[in-house]
Amino acid sequence: MNLNTDVGRMESVLRGRRDDGAKLLVVYITGGYEGWEAAVETAAAAGADAIEIGIPFSDPVMDGPVIQEASQAALEAGATPASVLAAVPNLDTGVPHAVMTYYNLAHHPGHERFAATLANSAIDAAILPDLPLVESGPWRQAASEAGVETIMLAAPTTPDDRLPELCAASKGFVYAVGLLGVTGERSALASTATQIAQRCKSVTDKPVLVGVGIGSPEQAVEASVVADGVIIGSAVVRRLLDGGGADGVGELVASYRAALDAG
Amino acid sequence: MVMTDPNMEGRFGEFGGRFVPETLIPACEELETAFREAWADPSFVNEFHRILTDYGGRPSPLTECYRLSEQLGVRILLKREDLNHTGSHKINNVIGQALLARRMGKSRLVAETGAGQHGVATATAAALLDMDCKVYMGQVDVERQELNVFRMHLLGSEVEAVSSGSQTLKDAVNEALRDWVATVENTHYCLGSVMGPHPYPWMVRTFHHVIGDEAHEQCLKLMNRVPDVVVACVGGGSNAAGIFSGFADTDARLVGVEPAGGAAVGRGVPGVVHGMNSYLMQDEVGQVQEAESISAGLDYPGVGPEHAYLSSIGRAEYPAVNDQEVVEAFQLLSKTEGIIPALESAHALAWVVREAPALQGQAVLLNLSGRGDKDVDQMMDVLGTESNQ
Ligand SMILES: Cc1ncc(COP(=O)(O)O)c(C=O)c1O
């Protein structure tokens, strides 16, 4: 019996890389922000194992100042879910794509329709940080039927008795939220990062990646001692906000890749 | 009962729920448990009512408006929440939540505020109970409600101006939520209306139930019957929920008045933001729209989920009034009754004035949710400009 029949592209690619001994690197970029398409392609070329594309939302409650600023700029420049998603099939990345957005953008068009749009736009997985496990059933069902993996977030505050269910529900990978707080670089890795990664690893064999708060390649390495890898977002987006462009993003991603490969 | 407890998932009909980051789910659960226990504990309930009485000034009177009634041909009774300590109904909820936070061992409160009334009330409770307090307020509101900002400072609270998004109440909620995500271990989010994730809509309504209970009793004493109409303004909907809850099981007509530029129920499109599934002003793809109202306290694109429910089952109605009607009602109550209402509360009166021809001879209970002192500055600009024309 093949237990892996419902494993999607995100999970199988990340599992494959992990099982080959690699530490995983997922890179977030705000869709619709000036130059985002080139940045996505450069990030993939520089060694990202998967790309997370933000669909900007008016009220990004899980995001800190950097991603808020990029989201607002993208919205002001006219970005919509449709305009961001329409661009994805033309991106030359060779790696799986997730979208990261907020639940109302799935709720408003309706679960089936939004899931189908994702599936038709070369999107493998979705992350909806304001849709917790207790509210996620109907969306996960619709996404699953459309072939979209829903990546669930496990927080430092998530109790032990909920973690197995949460990790079982998560597809693609398990997003271990590294700290109490919103997205943004921090000067040191929070102790909560290793703890939550460890707790997730002890209840699932899905890839477990630490995101939120990773601010340097050294921190990425430190988190990956326990975790299977990391997600970097604000550090990357800040390069774009600072005018570093796709080249700046490429350099940054390469530095994380090199650090993770060197261990 | 119409306004009963939400179901186990925190839903009123299909509305409500708990749409917050996973990080906050345990805090919402802990709050729900603590609230259930506290509300079943007579010592908690007694202390709540004792503070509302000895400190807050409850019960608030019911004032019959003789001159205005005669002028409009409608018998108008005001529930005087404007006479509460800190000048609005907000103190009821804040005393309840601050006591609960202390009982839960939290030492810090965060709050969002629009007009500043909820911020002032929270800062007041924090001073009273010796807690740290930080209030988030949109930059636009900081400018139009300077006096309340200064009050919060006097009361020992920190006020942070929020310059993201529309720079009003909705963005202040976002920022308060972000703070809470990072500080949940020692901090209680003292939400200011019947909105947000479960248990807030239900808990906040419960703390404001006292408005409806008192008013019901006062009406019976005065008229030996309930009023024909109960009307209140609706931002998130807490003062309306409080007074409605005293009359939901009578045959009184329930009317919640929204600002034309923030008519979440009026537009009737469901959406999810700030932890709840409710009616929400949004564009064609689901981006939340910015509300626009002369009153900062109603400048909110959503509404509490129980109001969405009451509207969906036809138990309450939610008409809208425009800024001009509000300005006229503000002046009318000042001149005929010697009561300067909050601009928020003036929305309720604006509806009564407009509907007066259809309400002839009826008794209307109006929740005067707050006093207008905070709005005098702003009205000097508005009326000054008008008289210059
Ligand atoms: C006097 C007054 N009334 C009403 C409101 C609106 O809140 P709600 O709809 O929750 O009663 C506010 C909010 O600031 C207020 O200050």
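So that the names make sense, note that chain A is the first sequence line, chain B the second, and so on, each numbered from 1.
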Is [X] close to chain A through its backbone or its side chain, or both, or neither, when contacts mean heavy atoms under 4.5 Å?
| X | result |
| --- | --- |
| B:Gln282 | side chain |
| B:Val288 | both |
| B:Gln289 | neither |
| B:Val269 | side chain |
| B:Glu30 | neither |
| B:Val273 | side chain |

Within a 6.0 Å radius of atom [atom1] on [X], are there more than 12 heavy atoms belonging to other residues, nucleotides or ligands?
| X | atom1 | result |
| --- | --- | --- |
| B:Glu29 | CD | yes |
| B:Arg36 | CZ | yes |
| B:Glu292 | CD | no |

If I take atom [atom1] from residue [X] and atom [atom2] from residue [Y], how far apart are they, to the nearest 0.5 angstrom?
| X | Y | atom1 | atom2 | value |
| --- | --- | --- | --- | --- |
| B:His274 | A:Asp59 | NE2 | CG | 5.0 Å |
| B:Glu9 | A:Glu135 | CD | CD | 7.0 Å |
| B:Glu22 | A:Thr157 | CD | OG1 | 7.5 Å |
| A:Leu180 | B:Thr23 | CG | OG1 | 6.5 Å |
| B:Asp283 | A:His108 | CG | NE2 | 7.0 Å |

Of the backbone (N, CA, C, O) and the side chain (C-beta and beyond), which part of [X] lies under 4.5 Å from a heavy atom of chain B, both, or neither?
| X | answer |
| --- | --- |
| A:Pro81 | side chain |
| A:Tyr103 | side chain |
| A:Leu179 | neither |
| A:Val61 | both |
| A:Leu166 | side chain |
| A:Pro60 | both |

Original post:
Do the side chain of A:Asp130 and the main chain of B:Phe19 share a donor and acceptor less than 3.5 angstrom apart?
Top reply: no
Original post:
Would you find a donor on one side and an acceptor on the other, under 3.5 Å apart, between the side chain of A:Asn104 and the backbone of B:Val272?
Top reply: yes
Would you say that [X] contacts [Y] through its side chain, given a criterion of any heavy-atom pair below 4.5 Å between the two side chains?
| X | Y | answer |
| --- | --- | --- |
| B:Arg18 | A:Pro132 | no |
| B:Pro270 | A:His107 | yes |
| A:Gln68 | B:Asn174 | no |

Original post:
Given the options A:Thr158, A:Asp63, A:Leu128, which has more heavy-atom pairs under 4.5 Å with chain B than any of the others?
Top reply: A:Asp63
Original post:
So, for B:Val181 and A:Met62, which heavy atoms are closest and what is the spacing to 0.1 Å?
Top reply: CG1-SD, 4.2 Å
